[in-house]
Number of protein chains: 2
Amino acid sequence: MVDVIQACKTCLETPGSVFENLSQEEKDLLTRRHTSRFYKKGEMIYQIGERPVGILCLAFGKVKIIKEGVTGREQIVRLARPVGFIGYRAFFAEENYLASAVAIEDSVVCQFNREDLLATIHKRPEITMLIMKSLANELGISHDRTVNLTQKHIRGRLAESLLFLVNTYGFEEDGMTIRAYLSREDIANLSNMTTSNAIRTLSIFSDEDVLDVQGRSIKVVNESRLLRICELG
Amino acid sequence: MVDVIQACKTCLETPGSVFENLSQEEKDLLTRRHTSRFYKKGEMIYQIGERPVGILCLAFGKVKIIKEGVTGREQIVRLARPVGFIGYRAFFAEENYLASAVAIEDSVVCQFNREDLLATIHKRPEITMLIMKSLANELGISHDRTVNLTQKHIRGRLAESLLFLVNTYGFEEDGMTIRAYLSREDIANLSNMTTSNAIRTLSIFSDEDVLDVQGRSIKVVNESRLLRICELG
DNA sequence: ATAACTTTGTGTTATAAAACATATCTAATG
DNA sequence: CATTAGATATGTTTTATAACACAAAGTTAT
């Protein structure tokens, strides 16, 4: 079981965190009024329509950001990994959430106080610039996904999603197994296709020796071929 | 013909510009090293892969931000209206452009110097927050579009795009005619469909008295029905 | 252990939309 | 003014993929 108490420290001090260069005093300010909470796999962290109360940071686990389409089919618009913000788009846009966040693994989420965070970034413009860079980067990813999910065919979309998973969560120690164990439904919702077609196409990739699929464990056997499938569309 | 010389003043002083509350001195700093340029309808402003040299602001006209899909089909990912930044995503992500910008009307674009802009926003955190808000807002729009363009059917997608045009450029004085005169191809590229299907579906909407289409002029005759088509998908 | 439920897997059918094929209309060019 | 090119329009064919149907395997609860 993960250590919920240490979660805040993790968010503030993990290398790569936007907060890592804060002074102890500045970190204390953020820590004083923070809360952390454990979420079981499948549990909802926030829901579309709610108002962000603070800013959330994923300390441990994996989280999907989902939107409901007209057909009722769910679409994964983003995947979060530790350590990173979640729900910060709505926070900085000063809007209610336009999507929901659900843990896809047991996760721990810290919440920092709104005013404390704003005071911190006001004092430290370089942090603001880092957050801005992150938002700009996300926007680029989103534009890319819009084009890829609309224009590529099933094989290309699935290959794209698998590479996106690799990019986000990396490989296990073997350097081949994707460090993410999603349901077929989640893979489908990430790739903009039905669950049946995700299952079917995974089988085909397995038959073609591009992947080695054992339940939810997906091994990328031939990454260059996967890349080619992705690029051809 | 628009006044290219006055373009910079327009970018800095138009109500709603993030710069409108700068002091004269601060405006002078930005003005000193700025350039403005006129672009004819159809002309390219920047191209995918190029490095942003400064930050661009659309003073007059209309601009589409496009990405090339695998099939070669172009996808409009954003539409810019005056007064607003263009290419600021790449600027703040510190990346090369991931999309191209093309004038869809005769346009005037100002370019502010990189260092002068950074100095300005460093001195004025509230401007940074406004730009951040704008990026966060764009990201929400992009996530929405991802879901809508992938999940809705042709009628829903076209209705969506027309309402997006209304939202971006508004109506003419009659309160019905969309203040944007795109080619059928551009409408198709905005709606993620072939040109033929855009033309066909516009005709159908016209037959159904939802629209009154006269060449490139599109009058929204029954906005509530258009909204319903959009919502039903 | 058995039942009930969920997830995964695979074959078949139906359909939305792309691709293709022309035709007409409009705008630019010599 | 005639010629050409580009944009708009519409009908037909083809195809990718959703929708459906069902079976098998795993998981959870009683």
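Chain A is the first sequence line, chain B the second, and so forth, proteins listed ahead of strands; every chain is numbered from 1. A quick note: this is a predicted structure, and the numbers were derived from the prediction, not measured.
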Residues forming a side-chain contact (heavy atoms from CB on, under 4.5 Å) with A:Ile199, sequence neighbours excluded: A:Arg184, A:Thr195
Between C:dA17 (P) and B:Asn192 (CG): distance, integer Å: 10 Å
Rounded distance in Å - CG (A:Asp186) to P (C:dT6): 16 Å
Integer-rounded Å distance: D:dT17 C1' and A:Lys152 NZ: 18 Å
Salt bridge (Lys or Arg N to Asp or Glu O under 4.0 Å) involving A:Glu223 - partner list, sequence neighbours excluded: none
Side chain proximity check, B:Arg81 to B:Lys62, heavy atoms < 4.5 angstrom: no
Listed partners of A:Lys41 passing salt bridge (Lys or Arg N to Asp or Glu O under 4.0 Å), at least two apart: none
Heavy-atom protein contacts under 4.0 Å, nucleotides 22-30 of chain D, coded B base, S sugar-phosphate only, - none: ---------
Heavy-atom pair of closest approach, residues A:Gln75 and A:Leu190: NE2-O, 4.2 Å
B:Ser134 and B:Asn137: side chain donor to acceptor below 3.5 Å: no
Cation-aromatic face contact B:Arg200/B:Phe205, 6.0 Å, 45 degrees: no
Base-contact (B) and sugar-phosphate-only (S) positions in nucleotides 5-16 of chain D, heavy-atom cut-off under 4.0 Å, - elsewhere: --SSBBBB---S
For DNA chain C, the residues among residues 142-151 of chain A that have a non-hydrogen atom under 4.0 Å from it: none
Protein-nucleotide distance (A:Ile218, atom CD1; C:dT8, atom P), rounded to Å: 10 Å
Partner of A:Tyr46 under ring-ring contact (aromatic ring centres under 6.0 Å, His included), chosen from A:Tyr88, A:Tyr97, A:Tyr39: A:Tyr97
Between A:Asp144 and A:Thr146: side-chain donor-acceptor atoms closer than 3.5 Å: no
Shortest non-hydrogen separation from B:Val63 to B:Ile104 and the atoms involved: N-CG1, 4.0 Å
Whole angstrom value for the distance that separates C1' of C:dC25 from CD of B:Gln214: 14 Å
Check: A:Cys11 main-chain N/O paired with A:Thr14 side-chain donor or acceptor under 3.5 Å: no
